[in-house]
*Asks:* 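Can you read through this structure? Questions will come right after.
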Amino acid sequence: MTKDRVLGVILVLFIGIMYAQTFKFEEKAAWQVFSSALYPRVLLLLIAIPTIILLFKSFQPIRQKDDQQAEKTSFWPKYGTIILQFAFFGIYVYLLSLIGFIVATIIYLFASQANLMGIKKTKMILLNSSVSVVTPIVVYFVFTHFLKVWLP
Amino acid sequence: MDHFFIQAIQEVFDLHTLALITAGTIFGIIAGAIPGFTITMAILLVFPFTFAMDPINGLALMIGVFVGGFSGGLVSGVMLGIPGTPASICTTYDGYPMAKAGDPGRALGIGVLSSFLGTLISIVILVIFGPLVAKFSLNFGPWEITALIVFALTLVASLSHGALLKGLIAAGIGLLIATVGIDASGIVRFDFGISALSDGFAILPVMIGIFAFSQLMENVQELRKNNELQEKMATVNTNFKIPYKQLLKDMWNQKWNVFRSSLIGSFIGALPATGGDVANFVSYDQARKFSKYPEKFGKGIPDGIVASESANSAVSGGAFIPTLTLGIPGDLPMAIMLGVLILHGLTPGPLLFQQQPVLVGSIYVSLLIGAFIMLFTQFLLIRVFTKIAMVPQTVLVPIVLTLCAVGSYALNNTLFDVWALFVFGIIGFLLMKCGVPVSPLILGIILGHTLETELFRAFELESSWTTFFTRPISCFFFLVALASIIFSIYQSHKINKRLQVHADRGSDMGHLKGEM
């Protein structure tokens with residue numbers, strides 16, 4: 001399945017869900033020129049037209065490149081770091097409300113940098129630890145003292 | 001005019017405001033200098049810091065980043081051969097060979113001076129044409145504004161790297177995201193039973209998520225692909241001298257090139273959907289065509305650096321023209337700048353010039369001061385900037401993501417916005433991987449609310465849809481929008497045909513090789 005076909009299928013599902021949702025909006029009031037559902041429905045139609053063309057085009061025969069096969073087999077080495085980065089960030093947002101900004105950020109920065117640069121050498125561990133500790137403290141200080149933004 | 005200009009000078013020549021422009025410019029230069037860290041990302045990161053500021057200070061800081069960012073891209077382009085931003089790609093063509101030939105100081109100096117002069121010329125263009133366009137656009141009714149937004153969105157979509165269909169889809173999704181929450185009639189849409197969604201999405205976390213998050217993840221992926229950049233960084237020598245006398249001579253010889261490239265940059269900046277990335281290519285190409293020695297381009301001559309740097313910096317003044325006068329941002333950094341104005345309760349458009357002349361004047365003055373600060377800081381600290389540009393992405397990415405989270409939280413002091421950032425980050429990354437351009441998406445989100453309001457206002461005033469085509473300006477914008485789509489289809493058809501021919505030739509060669 002090509003990327004375009006996957007995108008097309010997901011978009012069709014998305015359009016379907018959003019279109020169904022427009023029926024849950026309140027009915028048109030007497031003073032409204034159009035109902036609140038009209039504009040989103042027009043937009044969904046405007047998204048649907050190129051989506052259908054894209055989907056249709058994705059079924060046209062294309063030359064299979066040799067490297068596309070290689071791409072399929074190397075998913076984890078290619079996207080593993082990215083997936084971990086997203087996962088760490090998701091956990092970080094969850095932890096923010098539980099343990100507060102400074103501790104959550106220290107943990108997040110350390111884990112995230114370890115994922116990107118590794119923790120095999122002492123120099124790397126030292127750099128990682130110092131960045132992880134100093135950054136949240138500086139950010140917290142700047143935002144709370146200078147910008148009057150209270151972080152969790 | 002004179003009165004508000006003097007008042008604007010008084011406002012900006014405050015120590016606090018000057019310090020903000022300086023800080024913004026330095027941050028912009030650093031951000032521009034780091035490969036993969038774009039001007040848009042720098043502006044997005046600075047945006048939260050403006051929440052507590054008044055509009056003039058907030059804009060002054062952002063303008064500093066904007067001016068510095070366009071100039072900063074040349075540092076890594078010259079020293080590493082890797083452009084800091086897409087706007088300085090052509091700078092590397094001649095800057096890097098000149099640096100490799102033992103003249104890094106001269107290459108950087110030419111770039112800085114060209115950037116400075118380009119910004120100055122674009123300010124003059126903004127001051128002359130800004131009020132004229134604003135005066136003309138006072139005639140715009142809801143029909144013209146609707147048509148203009150449709151035109152801007154289709155142009156952005158059709159210029160999205162040849163991906164017209166995906167560009168249109170992205171623009172549509174952007175407009176749809178803007179409908180989430182309470183509409184003008186007080187009716188809640190697309191809340192899915194989640195109370196936090198009834199207020200809709202704040203623009204900032206969505207923009208940061210879609211653009212910055214996905215861009216940073218792309219950088220992470222690039223990081224794993226090759227270690228070439230790290231190796232280059234380790235070998236860069238930052239002990240160089242700037243030959244000031246030689247620079248003055250070079251710039252005098254390049255005066256027409258500076259002027260022509262700055263005009264090109266300002267004009268391209270004023271067009272919707274195009275920015276520094278297009279400007280530096282067009283200008284470089286024109287400089288080569290006008291040159292008496294085109295064969296020397298790409299081998300380390302000042303002409304190439306001047307053309308690219310003066311054009312990309314001149315975009316700054318030009319891009320402000322449609323943003324301030326029509327409320328239509330020309331490119332992504334301007335879209336965020338528009339967000340700053342809206343956040344501070346200002347409505348960009350023709351009335352801004354009448355209602356907020358001091359603010360408009362302070363934008364001119366901030367750009368001017370930003371250009372001078374950029375010049376001085378670049379010459380004083382260019383060696384430091386070169387070293388900072390070598391900061392490894394492995395350290396930078398997590399820090400920037402943390403700042404993205406803090407910025408999103410600071411907007412409304414709610415974690416919902418940080419979750420929105422995360423979700424839109426994933427969506428943005430996946431869309432990018434599918435080849436969907438993010439510029440039309442972000443522009444759609446920003447212009448979505450205005451489009452709906454103006455469209456419905458048009459129908460309230462005149463129930464017939466034909467009015468959109470009987471009013472000349474509105475009809476003109478729709479026709480140009482249609483023309484841009486047709487042109488894009490024609491172009492992609494041509495490219496596909498060419499690719500097909502190349503592929504056929506390739507397969508024929510393959511057969512021949514096989515037979516041999």
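So you know, we letter chains A, B, ... as the sequences are listed, proteins then strands, and number each from 1.
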*Asks:* Between A:Val93, A:Leu46, A:Leu43, which residue shows the highest count of heavy-atom pairs closer than 4.5 Å to chain B?
*Replies:*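 If we count pairs closer than 4.5 Å to chain B, A:Val93 comes out on top.
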*Asks:* Can you find a heavy atom in the side chain of B:Thr394 that is under 4.5 Å from one in the side chain of A:Gln113?
*Replies:*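 No, too far: nothing below the 4.5 Å cut-off.
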*Asks:* Given that the side chain runs from C-beta out, which part of A:Ile49 has a heavy atom under 4.5 Å from chain B: side chain, backbone, both or neither?
*Replies:*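 For A:Ile49, no heavy atom lies under 4.5 Å from chain B.
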*Asks:* Are any non-hydrogen side-chain atoms of A:Val139 and B:Thr402 less than 4.5 angstrom apart?
*Replies:*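 No; the side chains remain at least 4.5 Å from each other.
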*Asks:* Considering non-hydrogen atoms only, spot the tightest contact between A:Phe89 and B:Phe422 and give its length.
*Replies:*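 Result for this residue pair: CD2-CD1, 3.5 Å.
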*Asks:* Judged by atom type as modelled, is there a donor-acceptor pair below 3.5 Å linking the side chain of A:Lys3 to the main-chain atoms of B:Lys433?
*Replies:*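 Yes, A:Lys3 side chain to B:Lys433 backbone: donor-acceptor pair under 3.5 Å.
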*Asks:* Tell me, side chain or backbone of A:Asp4 under 4.5 Å from chain B's heavy atoms, or both, or neither?
*Replies:*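 It is the side chain, since no backbone atom gets that close.
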*Asks:* Calculate, to the nearest 0.5 Å, the distance between atoms CG and OH belonging to B:Leu176 and A:Tyr39 respectively.
*Replies:*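 Between atom CG of B:Leu176 and atom OH of A:Tyr39 there are 8.5 Å.
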*Asks:* Which pair of non-hydrogen atoms, one from B:Leu168 and one from A:Pro50, has the smallest distance, and what is that distance?
*Replies:*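 In terms of heavy atoms, the two residues are closest at CB-CG, 4.3 Å.
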*Asks:* Do you know which of A:Thr135, A:Ile47, A:Ile10 has the most heavy-atom pairs with chain B at a distance under 4.5 angstrom?
*Replies:*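 Highest number of heavy-atom pairs under 4.5 Å: A:Ile47.
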*Asks:* With a 4.5 angstrom heavy-atom cut-off, which part of B:Val423 approaches chain A: side chain, backbone, both or neither?
*Replies:*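 Neither the backbone nor the side chain of B:Val423 comes within 4.5 Å of chain A.
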*Asks:* Relative to chain A, which segment of B:Lys166 carries a heavy atom at a distance below 4.5 Å: side chain, backbone, both, or neither?
*Replies:*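 Side chain only.
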*Asks:* Check step by step if ring pair (Phe, Tyr, Trp, His ring centres under 6.0 Å) holds for A:Phe25 and B:Phe190.
*Replies:* CA-CA 8 Å; A:Phe25 299 168; B:Phe190 299 122; 5.1 Å; yes
*Asks:* Got a sec, which residues hit side chain to side chain donor-acceptor pair (under 3.5 Å) with B:Asn57, two or more places apart in sequence or on another chain?
*Replies:*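 Residues passing side chain to side chain donor-acceptor pair (under 3.5 Å) with B:Asn57: B:Thr17, B:Asp54.
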*Asks:* For B:Phe49 together with A:Phe143, are the ring centres under 6.0 Å from each other?
*Replies:*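 Under 6.0 Å, so yes.
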*Asks:* Which atoms of A:Thr105 come close to chain B, meaning under 4.5 Å heavy atom to heavy atom: side chain ones, backbone ones, both, or neither?
*Replies:*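 Interface part for A:Thr105: side chain.
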*Asks:* Between B:Phe429 and A:Phe86, is the ring pair (Phe, Tyr, Trp, His ring centres under 6.0 Å) condition met? List the steps.
*Replies:* CA-CA 10 Å; B:Phe429 181 72; A:Phe86 274 115; 5.6 Å; yes
*Asks:* Indicate the atoms forming the closest heavy-atom contact of B:Pro398 with A:Tyr108, along with that distance.
*Replies:*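 Reported closest heavy-atom pair: O-CE2, 3.8 Å.
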*Asks:* If I take atom CD1 from residue B:Ile169 and atom CD1 from residue A:Ile15, how far apart are they, to the nearest 0.5 angstrom?
*Replies:*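 Those atoms lie 7.5 Å apart.
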*Asks:* Flag the one option from B:Ala405, B:Ser185, B:Ala410 with the top tally of heavy-atom pairs under 4.5 Å to chain A.
*Replies:*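 Winner by heavy-atom pair count: B:Ser185.
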*Asks:* Walk me through whether B:Leu165 and A:Lys57 qualify under side chain to side chain contact (heavy atoms under 4.5 Å, CB included).
*Replies:* CA-CA 11 Å; B:Leu165 285 177; A:Lys57 280 177 90 174; 4.0 Å; yes
*Asks:* Please check if the number of heavy atoms outside A:Phe56 that lie under 6.0 Å from its CZ is greater than 12.
*Replies:*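 No, the 6.0 Å shell around CZ holds no more than 12 heavy atoms from other groups.
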*Asks:* Looking at CG of B:Leu164 and CG of A:Leu54, how far apart are the two atoms once the value is rounded to the nearest 0.5 Å?
*Replies:*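 B:Leu164 atom CG to A:Leu54 atom CG measures 11.0 Å (nearest 0.5 Å).
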*Asks:* Measure across B:Met217 and A:Ile82 and return the closest heavy-atom pair with its distance rounded to 0.1 Å.
*Replies:*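 For B:Met217 versus A:Ile82, the nearest heavy atoms are O-CD1, 2.9 Å.
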*Asks:* Using 0.5 Å steps for rounding, measure from the CD1 atom of B:Ile182 to the OG atom of A:Ser36.
*Replies:*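 Interatomic distance, B:Ile182 CD1 to A:Ser36 OG, rounded to 0.5 Å: 11.0 Å.
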*Asks:* Does any heavy atom of chain A fall under 4.5 Å from the side chain of B:Leu430, the backbone, both, or neither of them?
*Replies:*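 Interface part for B:Leu430: neither.
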*Asks:* Work out which heavy atom in A:Pro40 is nearest to a heavy atom in B:Arg189; give both atom names and the distance.
*Replies:*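 Heavy atoms only, the tightest pair is CD-NH1, 3.7 Å.
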*Asks:* Between B:Thr179, B:Leu175, B:Asn413, which has the largest tally of heavy atom pairs under 4.5 Å with chain A?
*Replies:*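 It is B:Leu175.
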*Asks:* Using side-chain heavy atoms (C-beta onward) and a distance below 4.5 Å, is A:Met117 in contact with B:Val395?
*Replies:*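 Side-chain contact under 4.5 Å: yes.
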*Asks:* What is the distance from atom CG of A:Leu116 to atom CG of B:Leu396, rounded to the nearest 0.5 Å?
*Replies:*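 One gets 10.5 Å once the value is rounded to the nearest 0.5 Å.
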*Asks:* Determine the option with the most heavy-atom pairs under 4.5 angstrom with chain B, choosing from A:Pro152, A:Ser112, A:Ala111, A:Ser97.
*Replies:*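 Counting heavy-atom pairs under 4.5 Å, the top option is A:Pro152.
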*Asks:* Considering only heavy atoms from C-beta outward, does the side chain of A:Tyr92 approach that of B:Leu401 to under 4.5 Å?
*Replies:*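 Result no, sub-4.5 Å side-chain heavy-atom pair not found.
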*Asks:* Examine whether an atom of A:Phe88 lies under 4.5 Å from a heavy atom of chain B, and if so say whether it belongs to the side chain, the backbone or both; otherwise answer neither.
*Replies:*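 For A:Phe88, no heavy atom lies under 4.5 Å from chain B.
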*Asks:* Against chain B, label A:Ile17 side chain, backbone, both or neither, depending on which of its atoms sit under 4.5 Å from a heavy atom there.
*Replies:*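 Only the side chain of A:Ile17 comes within 4.5 Å of chain B.
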*Asks:* Parallel under 30°, tilted from 30 to 60°, perpendicular over 60°: which one fits the rings of A:Phe34 and B:Phe459?
*Replies:*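 Answer is perpendicular, since the angle exceeds 60°.
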*Asks:* Distance check, rounded to the nearest 0.5 Å: B:Leu216 atom CG versus A:Gln85 atom CD?
*Replies:*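 These two atoms lie 9.5 Å from each other.
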*Asks:* Quick check on the interface: out of B:Asp191, B:Leu431, B:Ile399, who has the most heavy-atom pairs with chain A under 4.5 Å?
*Replies:*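 Looking at each option in turn, the highest pair count goes to B:Ile399.
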